[in-house]
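In what follows, a single structure is set out as structure tokens and then discussed.
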2 protein chains.
Amino acid sequence: MKNSQLYKGSLNTIIMKLLEENGKMYGYEITQKVKAITQGELNITEGALYPALHKLEAEGILDVEIEKVDNRMRKYYKLTEAGTKETVNRLAELEDFIRNMQSLVNPRPNLEF
Amino acid sequence: MKNSQLYKGSLNTIIMKLLEENGKMYGYEITQKVKAITQGELNITEGALYPALHKLEAEGILDVEIEKVDNRMRKYYKLTEAGTKETVNRLAELEDFIRNMQSLVNPRPNLEF
DNA sequence: CAAATATACATAAGAATCTTATACATAACT
DNA sequence: AGTTATGTATAAGATTCTTATGTATATTTG
């Protein structure tokens, strides 16, 4: 997604969170939304996005619904019931992850002395 | 390191930050330190750690120095000069990453209306 | 109006990172 | 005597992503 490797592993969580918030979205829309929210810093590539969407669908996390708009295909994805539940876990994991990384990088000085 | 994929890509940054802070450390010490700081949540496996250390050394980020303590080998790693400079970049990237992830997951409601 | 850009999805080869398993060796504990 | 802790190492496979390519329509721009 970027030259920084840090984003590796975060794509599924990003997709699920956006869908939780926006109800249904299509692939291209997700890339644009992420770009906008991060002010251009995070650009999701198609080579990462589409396989990820297909896998989440295969796992029963997402449902797909095809629409034709302006003679062009759109595949709208939305969370299944199981996906909605799983999203809660993923977001909790993300919070833990961020908290742990901040502990590692920004350690509280030991105040015992 | 954990069942969460989120940590993928963060190991190098963690190693470099710990070395910046502690001067020199050996592999096993790094695993224990990380475990302690994250209260057991993040366990770095040897299969991830040692190849990462070797790679950082090959890239000129780390220097190694072998010591024998209690009849057992220890390989102490420390940042090279180039490694110290690179650590600044990595930590900035981590801050950007965390900020971006928080924007995505914890979006500010639009207050324009 | 032709060319470039934007919209929209897809996949395949290869790179990078990590998991899991295994290996070797010494020290300390039970 | 056997398990756990300390300490390093590697190899096979899984997962995730990059890079490149392909197809197709709509819109903008020179």
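On a predicted model such as this, the values are computed, not experimentally measured, just so you know. Within every chain, numbering begins at 1; the chains are lettered A, B, ... in the order of the sequence lines, protein sequences first and strands thereafter.
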Check your understanding: Where is the tightest heavy-atom contact between B:Leu94 and A:Leu6, given as atom of each residue plus distance?
Key -> CA-CD1, 3.5 Å

Exercise for review: Only counting residues at least two apart or in another chain, list the ones meeting side-chain contact (heavy atoms from CB on, under 4.5 Å) with B:Glu29.
Suggested key: B:Met25, B:Tyr26, B:Tyr76

Review point. Does a salt bridge link B:Lys17 with B:Glu20, judged by any charged N lying under 4.0 Å from a carboxylate O?
Key: yes

Check your understanding: Could you state the CD-C1' distance from B:Glu57 to D:dT8, rounded to the nearest angstrom?
Key -> 13 Å

Study note, to complete from the structure: DNA chain D nearest-nucleotide lookup for A:Leu49 and A:Asp70: closer to the 5′ end is A:Leu49

Practice item. Give the rounded distance in Å between these two atoms: NZ of B:Lys33 and P of D:dG7. Key: 15 Å

Exercise for review: Specify the separation, in whole Å, of atom CG of B:Asn12 and atom P of C:dA16.
Suggested key: 12 Å

Check your understanding: Which pair of heavy atoms, one from B:Met16 and one from B:Leu79, lies closest together, and at what distance?
Key -> O-CD1, 3.8 Å

Check your understanding: D:dA24 phosphate, OP1 or OP2: any side-chain N/O from A:Asn71 under 4.0 angstrom?
Key -> no

**Study point:** More than 12 heavy atoms of other groups within 6.0 Å of B:Glu95 CD
**Key:** no

Revision key, fill the gap. In B/S/- notation (B base, S sugar-phosphate only, - none; protein heavy atoms under 4.0 Å), nucleotides 4-9 of chain C written 5' to 3' is --BBSB

Exercise for review: Taking side-chain contact (heavy atoms from CB on, under 4.5 Å) as the test, write out the residues that go with B:Val88, two or more places apart.
Suggested key: none

Study note, to complete from the structure: When every non-hydrogen atom of B:Ser10 is compared with those of A:Met101, the smallest separation belongs to CB-CE, 3.7 Å

Check your understanding: Does B:Lys24 NZ have over 12 foreign heavy atoms under 6.0 Å away?
Key -> yes

**Study point:** Minimum heavy-atom distance A:Ala82-A:Gly60, with the two atoms named
**Key:** CB-O, 4.1 Å

Exercise for review: Return the value, rounded to whole Å, for the distance between atom CD of B:Glu65 and atom C1' of D:dT8.
Suggested key: 17 Å

Check your understanding: How close or far is atom P of C:dT17 from atom CG of B:Leu6, stated in whole angstroms?
Key -> 17 Å

Point to revise | Consecutive-pair stems (3 or more, Watson-Crick or G-U, under 3.5 Å) for DNA chain D | key: C:1-30 with D:1-30

**Study point:** For B:Lys85, all residues meeting side-chain contact (heavy atoms from CB on, under 4.5 Å), sequence neighbours excluded
**Key:** none

Check your understanding: Are A:Met73 and A:Leu62 co-members of a hydrophobic cluster defined by side-chain heavy atoms under 4.5 Å apart?
Key -> no

Which atoms of nucleotides 12-15 of chain D (N or O only) lie under 3.5 Å from a protein N or O atom, and what are those distances?
residue: D:dT15; atom: O3'; partner: B:Gln5; partner atom: NE2; Å: 3.0
residue: D:dT15; atom: O2; partner: B:Lys8; partner atom: NZ; Å: 3.3

Check your understanding: What is the distance, rounded to the nearest whole Å, between atom CG of B:Leu53 and atom C1' of D:dG7?
Key -> 12 Å

